[in-house]
Amino acid sequence: MKRVVVGLSGGVDSSVAAYLLQQQGYEVIGLFMKNWHDDSVTISNECPWLEDSNDALLVAEKLGIPFQTVDLSEEYKEKIVDYMFNEYEKGRTPNPDVLCNREIKFDVFMKIALSLGADYVATGHYCQKNEIEVDGKPVYQLIAGADNNKDQSYFLCQLSQDQLAKSLFPIGALTKPEVREIAAEMDLVTAEKKDSQGLCFIGKVRLPEFLQQKLQPKEGKIVQIDKNDPIYAIEKPVGLSLEEELKLEAKKRDYLPTMGKVVGKHQGAHYFTIGQRKGLNVGGTTDPLFIIATDIETNTIYTGLTSLHPGLFKKALFIEKSEVHWIRTDLALKVGETMEVMARIRYRQPLQKAILHQFEDGMYVQFEEGQSAITEGQFAAWYFDNELVGSGVIS
């Protein structure tokens, strides 16, 4: 009998995952990860992890499976929280959920599970796994969840073949309503529970306040750039190589505070991210202002009117060599090779047509259409049909 450790989060998805595995004849153990205990930065006094671990315990009791809690807050602080602060300090915008899966759930947590004699680790993610054979060896595919509305393959875009080999995603073929229905039939306490929001496991954290603990506020200017600014009409030099052309397309635009008018003040460029609209507190504009760039050197935020401002759009992005990650290592590009894919630069974004270009020092992802708010530090992920084959950090 195969043993599976399920990461019970106290939500409906992982509860149903545990129940389904039990139905399939696995020996199931429930494990709750406590990843955060600094209550000074959660928003409300309700302590989400206490309530969640209690719900997880009730589900385990209902299913009659062993349950325990592991405290991973040390590892979480070191691998996720410190990394986030460092990234924000550099003016980049990290994705803690992707990292939490790579570094915590499918690494630290997986090692604990295997030490308990588990054959597999299971989570309540909406994605699917498939096994094929390449050159006589098993290769694992990460497939999008069947529920288009809930597909979470993007959050697992940094997993490796070794991690996938030991993973199970029991609810990947179901839709959210089906999952809730099963939970209701089984009379699980989590059946009606709302989906969790916010950072993976930190609970309800207000990001600016959270960041302010480490990153000191520093007043700076908010500058508005006109959509007809000459910076958007720069002619491409003739006779460029493909790599030079892509480099131009992916390049950050060099704004100067003198290019636009000062429309307000902010408390620190590192608290803001490209494409952001809320939190600027600048009144009196006809249309909403969007952040088109931040400069942490000069502590300036550049903005433009409307979501169609040219400063928001770029057709290419670059991923440094060390940051290019293939789930399907058998498909990895060699220098000089290209590949047509569908790609996304954020969770829930509809897939976009793109071409990957692998060069000596990294990879360019070139989109058919300009993409809004390509953000440094976030992950680009690329797919064949509904299979996620690789990803990388946008540089």
Show, in sequence, the C-alpha distance, side-chain angles and deciding distance for Ile394 and Phe379, and conclude whether the side chain to side chain contact (heavy atoms under 4.5 Å, CB included) test is met. CA-CA 6 Å; Ile394 300 169; Phe379 290 86; over 6 Å; no
Please determine whether side chain to side chain contact (heavy atoms under 4.5 Å, CB included) holds for the pair Thr273 and Thr375, giving the CA-CA distance in whole Å, both sets of side-chain angles, and the decisive distance to 0.1 Å. CA-CA 8 Å; Thr273 180; Thr375 307; 3.5 Å; yes
Would you please test His266 and Asn281 for side chain to side chain contact (heavy atoms under 4.5 Å, CB included) and show each step? CA-CA 9 Å; His266 62 81; Asn281 301 328; over 6 Å; no
Can Gln128 and Phe169 be said to form a side chain to side chain contact (heavy atoms under 4.5 Å, CB included), step by step? CA-CA 6 Å; Gln128 306 177 79; Phe169 308 111; 5.9 Å; no
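Side-chain N or O atoms of Arg328 include none that pairs as donor or acceptor with a backbone N or O of Leu142 at under 3.5 Å. The backbone N or O of Ala250 lies less than 3.5 Å from no partner atom in the side chain of Lys315, so there is not a single donor-acceptor pair. When atom types are taken as modelled, the side chain of Gln267 and the backbone of Lys218 share no donor-acceptor pair closer than 3.5 angstrom. Between the side chain of Asp147 and the backbone N or O of Lys176 there is at least one donor-acceptor pair closer than 3.5 Å. The backbone N or O of Leu159 lies less than 3.5 Å from no partner atom in the side chain of Arg102, so there is not a single donor-acceptor pair. Side chain of Gln163 to main chain of Ser160: a donor-acceptor pair is present (N/O by atom type, distance under 3.5 Å, no hydrogens or angles). Checked by atom type and distance alone, the side chain of Gln152 pairs as donor or acceptor with a backbone atom of Tyr126 at under 3.5 Å. Formation of a donor-acceptor pair under 3.5 Å by the Tyr271 side chain with backbone atoms of Leu215 is found in this model. Listed for the Asn299 side chain is a donor-acceptor partner under 3.5 Å among the backbone atoms of Glu219. Formation of a donor-acceptor pair under 3.5 Å by the Ser372 side chain with backbone atoms of Phe313 is not found in this model.
Side-chain atoms of Asp295 and Tyr302 include no donor-acceptor pair closer than 3.5 Å. Between the side chains of Ser15 and Thr190, at least one donor N or O lies within less than 3.5 Å of an accepting N or O. Between Thr300 and Tyr255, the side chains place no donor N or O within less than 3.5 Å of an acceptor N or O (distance only, hydrogens not considered).
In this structure, Lys129 forms a cation-pi arrangement with Tyr140, its terminal cationic atom sitting closer than 6.0 Å to the ring centre and no more than 45° off the ring axis.
Phe32 and Leu168 fall within the same hydrophobic cluster, defined by Ile, Leu, Val, Met, Phe, Trp and Tyr side-chain heavy atoms under 4.5 Å apart, directly or through other members. If you chain together hydrophobic residues whose side chains sit under 4.5 Å apart, Leu57 and Ile65 fall into the same group. Cluster membership check: Val16 shares its hydrophobic cluster with Phe67, using side-chain heavy-atom separations under 4.5 Å among Ile, Leu, Val, Met, Phe, Trp and Tyr. Tracing side-chain contacts under 4.5 Å through hydrophobic residues (I, L, V, M, F, W, Y), one never reaches Ile327 starting from Val139; they form parts of separate clusters. Using a 4.5 Å cut-off between side-chain heavy atoms of Ile, Leu, Val, Met, Phe, Trp and Tyr, with links allowed through other members, Leu256 and Ile291 fall into different hydrophobic clusters.
Shown here are the side-chain contact (heavy atoms from CB on, under 4.5 Å) partners of Gln349, two or more places apart in sequence or in another chain: Arg344, Ile345, Arg346, Gln352, Gln371.
Ion pair Lys166/Asp162 not flagged as a salt bridge, since none of the NZ, NE, NH1 or NH2 atoms sits closer than 4.0 Å to an Asp/Glu carboxylate oxygen. Salt-bridge annotation for Glu249 and Lys236: present, with a side-chain N of the basic residue lying under 4.0 Å from a carboxylate O of the acidic one. Lys79 and Asp107 are joined by a salt bridge, as a carboxylate oxygen and a charged side-chain nitrogen come within less than 4.0 angstrom of each other.
Counting non-hydrogen atoms of neighbouring residues, nucleotides and ligands closer than 6.0 angstrom, the NZ atom of Lys247 reaches no more than 12 such neighbours. Remark: Glu369 CD is loosely packed, at most 12 non-hydrogen atoms of other residues, nucleotides or ligands lying under 6.0 Å away. In Glu340, the CD atom is not crowded: 12 or fewer heavy atoms of neighbouring residues, nucleotides or ligands sit closer than 6.0 Å.
With rounding to the nearest 0.5 Å, the separation of CG in Leu388 from CD in Gln158 is 10.0 Å. Taking CG of Asp361 as the start and CD of Glu243 as the end, the distance is 6.0 Å to the nearest 0.5 Å. With rounding to the nearest 0.5 Å, the separation of NZ in Lys34 from OG1 in Thr69 is 9.0 Å.
Listed by chain and number, the hydrophobic cluster partners of Ile143 come to none, as no ILVMFWY side chain reaches under 4.5 Å of it.
Ring geometry for His125 against Phe106 counts as tilted: the plane angle lies between 30° and 60°, on a 0 to 90° scale.
Aromatic rings from Tyr347 and Phe155 are positioned such that their centres are separated by under 6.0 Å.
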